[in-house]
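Below is one structure, written out as structure tokens, with a few remarks after it.
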There are 2 protein chains.
Amino acid sequence: MRRTKEDAARTREEVLTAAAEIFYENGVSGSSLEKIAKRAGVTRGAIYWHFKDKAEVLTALHSEIRLPQEAIVDYAIEHGHDDPLGLIEQGAVEVLQILAEDEHQQRVFAIMILGCEFTEHLTDAAQRIITANDEMFGKLQKLIEMAHERNTLAPLWTVDAAARGIQCSMNGLLAEWLRSDKSFPLVDVGERLIRSLVGSMRRGEGR
Amino acid sequence: MRRTKEDAARTREEVLTAAAEIFYENGVSGSSLEKIAKRAGVTRGAIYWHFKDKAEVLTALHSEIRLPQEAIVDYAIEHGHDDPLGLIEQGAVEVLQILAEDEHQQRVFAIMILGCEFTEHLTDAAQRIITANDEMFGKLQKLIEMAHERNTLAPLWTVDAAARGIQCSMNGLLAEWLRSDKSFPLVDVGERLIRSLVGSMRRGEGR
DNA sequence: ATATTTACAATCATTCATGTATGTTTGTAT
DNA sequence: ATACAAACATACATGAATGATTGTAAATAT
């Protein structure tokens, strides 16, 4: 029975893959560990060996991916800050392009956004998502603050409102795309959306 | 025990109110009818008398409110169509103002957006939400199509992309507002967002 | 070569939500 | 006055999911 360490790691991965599928199909609360085990070709014992409970499986899935806004800011930091708004724009578009081609990330995002309940007393997985989102907002804020200091932010936008606007649009775009079963071209719509938004945030460009 | 018809109607409302609270606190799947009954001061028997099951309670809650985009379009239809884009803009802002002051609608929306799982084989309640959203998108499309026919749509926007953009931004705005526990001024951010977006959709205004 | 630990499978007990069935009281019609 | 139906409460039966325990074969350490 006992397999080698690589075998164990593989079953762990198989469990996670199966969990992503089952969660995606039935929602998190609608998925039993029994179903996941059966899909992965193991018993619940294997799952309980690798993970404490269902919540920890969810956490493991979440820790595998990065929120799109994280990638945006990483991109900005990586490429310098001479034009913060332009970097946000460019980074956002690149993130969308990457996401549009990565089915695994799409599934995990769909689980987090559409198949996971955010309630008052949150699971630690949901809590992690929220805090990650909040941290990301803070970073966005800083980037826009830089634009403001360089006097490139249009006067009708405040720093906070601009950061919120981008955050809401990006998250809404993703959620709607996944909810509609990818019924519209993500990159196409997203690019127009982001460019229009960021455009209106540039001093002298909006109306 | 048996009360008059008005009494019965009142308990029905009390059940719905309790359900909104419990759903909001624990999520839909995390809420048992027992909890709801206890909060409402009745037993599960009363709930099963008025509703078939938990899904029907959810449906009843949903049927009480209108999606914000519905209100937007109703506003547009009600006020004529001479400037479709302007009407979308105005209507959206008004909807946000109304929502910002109606706590009950906020709770129900939060339940639908954050406390309800959208999976592959959907509950009828989730299905109703999705179809309502889709219908609303169709109406938005028609309004923007009118703008396009009047040659007032900026050339960089297609009709579909514009409708999607507005839909995503509005839904994202609401979701983020509710998820963040109303941590930012909804109307303020929303107004800038919508005005910027619609502004960029006006021929000769965007860049 | 043996002991020990790993990586599971199999079984079990418990909880919990649901649905149903039945009982009970009180309006309401006749 | 009586019969019936509405509006619940109470009790029960069921199934599903969970967490815990135990068993066990193979890998690894000694």
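Within every chain, numbering begins at 1; the chains are lettered A, B, ... in the order of the sequence lines, protein sequences first and strands thereafter.
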Treat primed atoms plus P, OP1 and OP2 as sugar-phosphate and everything else as base, then score nucleotides 17-22 of chain C 5' to 3': B for base contact with protein heavy atoms under 4.0 Å, S for sugar-phosphate contact only, - for none. SBBB--
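- A sub-4.0 Å separation between OP1 or OP2 of D/dA7 and a side-chain N or O of B/Trp49 is present.
- Closest approach of A/Lys54 to A/Ser31, counting heavy atoms only: NZ-O, 3.0 Å.
- Counting heavy atoms from C-beta on, the side chains of B/Ser200 and A/Arg195 never come closer than 4.5 Å.
- When rounded to the nearest whole Å, the span between CD of B/Glu6 and C1' of C/dT26 equals 14 Å.
- Rounding to whole angstrom units, CZ of residue A/Phe51 and P of C/dC8 are separated by 11 Å.
- The stretch residues 7-26 of chain A touches DNA chain C through A/Ala8, A/Thr11, each having a heavy atom within less than 4.0 Å of the strand.
- The phosphate of C/dA7 (OP1 or OP2) has no side-chain N or O of A/His50 nearer than 4.0 angstrom.
- Checking A/Ser29 against A/Glu117 by side-chain atom types alone, no donor-acceptor pair falls below 3.5 Å.
- Counting heavy atoms from C-beta outward, B/Phe109 and B/Asp102 have side chains that stay 4.5 Å or more apart.
- Across the protein-nucleic acid pair, A/Lys5 atom NZ and C/dA7 atom C1' stand 12 Å apart, rounded to whole Å.
- The heavy-atom pair separating A/Gln106 from A/Leu99 by the smallest distance is NE2-O, 2.7 Å.
- Summarising the geometry of A/Gly190 relative to A/Leu173, their closest heavy-atom pair is CA-CD2, 3.5 Å, with the distance given to 0.1 Å.
- The residues B/Arg202 and B/Asp83 are annotated as salt-bridged, a charged nitrogen and a carboxylate oxygen being separated by less than 4.0 angstrom.
- In this structure the side chain of B/Met146 never reaches within 4.5 angstrom of the side chain of B/Lys142, judged on heavy atoms.
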